[in-house]
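Nothing fancy with the numbering, it's 1 onward along the sequence.
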Amino acid sequence: MVRIPVCFTYFTGIKRAIFTNPRLIGSWDQNGRYSQQWTSFPMQQIIGEDGCPCFQGTVELDDSQIGWLFRWGVMLNSPAGSNFWGIPTEINDRNSSDRYCSFTLQSSNSGQPQQERYDLVDSRRLGAQKYYPPGSQASALRFAVWAPNARNVEVVFGNSSSGYIADDAFRDDPDFGIDRHLKPLPMSKTEEGIWQTDVKVSPELANFSRFDHIPYMFRIVNEGGRIVYRTDLYSRCQIGKGNINPDGKPFSGRYTDKQGRPFSGKYQDLDGTKGCSVVINPDTVTKHFQEPVWPEQEFIPEEEFWSNEFSLSRPVPQRVEDLVIYELHLGSLGYCQNRPGNFEDAIALLPYLVDLGVNAVELLPMAEFRDEVNWGYETSHYFALEYSAGGRDQLKYFVRECHRHGIAVILDVVYNHFNPDGERAEWAYDSDIPEHNIYHWYEGNSTDYYYPDSKPFPEGGYLDNLSTGYAPRFYEEMVRKMFISSAVTLIEEFHVDGFRVDQTTSMHSYNQLHANGQAVGNANIFGAKFLREWTRTMKLIQPKAILIAEDHSDWEKVTQSPDVGGLGFDAAWYADFYHHLIGDAKAGTEYAKLIPTAGYGTDEPLAMDKFAGALGWSGRNKVVYHESHDEAGNAYYEQGGYRVESRRTIVSAANSAPLIGETRRYAEARCRFAFGMSVLSAGTPMFLMGEEIGAQKPYRYSDFIKNREDLLSDRHTSGQRLFRFYQDLIQLRLSHEELRSHLIDIIYVHNANRVIAFRRWDVTEEFLIIASLNNRPFSSGYTINNSRIKDGQWREIFNSDAALYGGDNIGNFGTNISAINGYIHPIVPANGFVVFQNNLNPLQLG
């Protein structure tokens, strides 16, 4: 019997040593033969070629098993606990969610072990990464790119001033061509379709620091033989902070964009999605928040930078239930500045947010996107931070300052589509053949699709998913791994606390053929497979990571564990809560639309019962909101030939009437009602920046830069009463664990009187909230009867109608109200709510 050694390596791709007690488990027995009873062996921890901890083990298999298919994986201890299966990647089978690696035993005449590897993430495998050759302690540089269809790939270097390499880069133009001082570097192809440099072939790569902050691109001879220049999708920095794409025809010796705007030749004016990628040392941070030159000159080790990240007096919340989320768009800061907002503006806002009382900020997407005036939902490079906002190091400064202030940072990430203008990023990366467009899902063959007049329609094979671009190719493990690895990088290198994943419904439910709208179930299955892999990986490395899905399916599995077939999120956005509460951009009668309907000023009944259903559902792991970036001006519907647009809450509350005098007072009262229902619900409350001061200007994708609000000033003037209300109500929620529980009970609804009442409780306290959108108060009291109201004394602890908030001061003035046989008779203000507390003995709880 001949033994064939097989060496298994589990690459973590994470610099921190967070895994212990690794064990190799595979489908063989002690004699090296295939067995359905898997055998376990301990693995040795070493430092891998990427400088990160990895695990290695060798097994000798019987040569009689040559050609047999074996399966294997790794069991380990992680921050999530002991004995975790370390393979979050599911096999590429639509009918299975099994997770294991496989290989076929091969014959060997070299005497060298057969090599099998698994990469948990590719964060330090692909791109321009530090590389440690065997026996070397010094960091070399290795470039690696996935381009399975390419005929040839080289690394070429660009000019640091312009940051751009034109498609005709061979012409003699130092501003737009290849840097002639650095020769192109050849790359060789692996069996996986990964092209990489070799320090033996290019010895200049032996010194990483020589290339630090050097711009580069990949020059690819694609499948059809055409030379194309592509950015590095794993780059940590894209040079360029403007909006010029110099892909137009040269004019007067200068490159222009397709609108004829000339490119100055300065990287400050270049659209970063089209510019060069930049070699970055991930283990250092700029010593100063900003320097007047690029590249920066002074750096410190990341350990030193993060050494004083937290304050004992201001702990950062770690449970989704404990959050009050402030949705923040950096570009909408910088009031009165002739530029979009940036991280400097965001850091300056932190004392304001601390005063307000929120303990989490949710940033609209910050990964590299097209054009500096943008919401960020057109992501092109998932490891690079938008340079116009300040870039990667300034995000780290922002996160550190948030943590010092006790504020968690949640980052929006977009995986349901790429930047639709992505010809130097994901689009046709290494082939012009639609079926081989490696980052985009293509169904069937391009010859299957024709226009009615028999003209070819090759784009018909791509998938739409109700987003602004074609669907990603989720059946490719490398595509799924890119998204997963980028999120791991944001946790590990940037210390973000969690994510809000954009439109998960587009990935697991909405996929359809571009040609005819036919549903494509396979794409939905692989989209769900990706989401399970993503959440499993996040929780494996950081079990306290906060994972939120923008999901509109109301599918209960979204927030269930992948172990029982769920997608693994902690919470999901709950759009119906908004539509029933505000809903001013939804036609029809299926939604309650309480605030705009009340804003008509009439006394007609309101659909409080419809809102009650949404309020009761808020306890099912939901993020609830009365206003979000999507709904504050961006949404609309057509009615009677008119375009009806969504509005800020205070504008909706007065139906766009001028906000002066009594109209403003009524509008603010309804705003207080709206925020109160969100904060006092059983979901995690969130609201869009500016709501706390009664922001009035429409927040639209197209012109947000013209409609910025002066938050810092308005909190002391027109918005001071509303700001104080937000402060006090947020503090009320955060001071009582019972108001952060998932327990809620709707005990009373009356549409004609516009009244709703509900209970909130946990172990030792119970709260009763009675709310009204009636235009007149119930000054003599309002009777509510329900057997689930506990008998005894109920004390009013909060009144939205207090004079402090601009109300009429109608309420129960903090007195005790008796409840007898399920009857209670409190005073209830107009367009407001009161909160009562009843301290309970645990034995009384039902």
Please check: side-chain N/O of His750 versus main-chain N/O of Val755, any donor-acceptor pairing under 3.5 Å?
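Not a single qualifying donor-acceptor pair exists.
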Taking the side chain from Asn465 and the backbone from Asn416, do they hold a donor-acceptor pair closer than 3.5 Å?
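Present.
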Residue list, salt bridge (Lys or Arg N to Asp or Glu O under 4.0 Å) with Arg721, at least two apart or on another chain
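Scan of Arg721 (salt bridge (Lys or Arg N to Asp or Glu O under 4.0 Å), adjacent residues dropped) gives Glu668.
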is_close_aromatic([X], [Y]), centroid dist under 6.0 Å:
X: Trp573; Y: Tyr625; answer: yes
X: Phe798; Y: Tyr805; answer: yes
X: Phe687; Y: Tyr726; answer: yes

Which residues pass the side-chain hydrogen bond (donor to acceptor under 3.5 Å, both in side chains) test with Gln731, sequence neighbours left out?
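Only Ser735 meet the side-chain hydrogen bond (donor to acceptor under 3.5 Å, both in side chains) criterion with Gln731.
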Pair Lys622-Asp576, salt bridge (Lys or Arg N to Asp or Glu O under 4.0 Å): steps then yes or no:
CA-CA 11 Å; Lys622 301 296 186 183; Asp576 277 2; over 6 Å; no
Flag for [Y]-[X]: side-chain donor and acceptor within less than 3.5 Å:
X: Tyr352; Y: Tyr326; answer: no
X: Glu321; Y: Thr684; answer: no
X: Glu631; Y: Ser646; answer: no
X: Glu627; Y: Thr649; answer: yes
X: Asp584; Y: Tyr578; answer: yes
X: His329; Y: Glu327; answer: no
X: Thr468; Y: His417; answer: yes
X: Trp375; Y: Asn634; answer: no
X: Asp412; Y: Tyr377; answer: yes

Checking Arg759 against Glu766 for the salt bridge (Lys or Arg N to Asp or Glu O under 4.0 Å) test, could you report, in this order, the C-alpha distance in whole Å, the side-chain angles of both residues, the deciding distance, and whether it holds?
CA-CA 7 Å; Arg759 299 164 56 225; Glu766 180 169 355; 2.4 Å; yes
Pair Asn775, Asp603 - check side-chain hydrogen bond (donor to acceptor under 3.5 Å, both in side chains), show working.
CA-CA 7 Å; Asn775 289 316; Asp603 293 325; 3.2 Å; yes
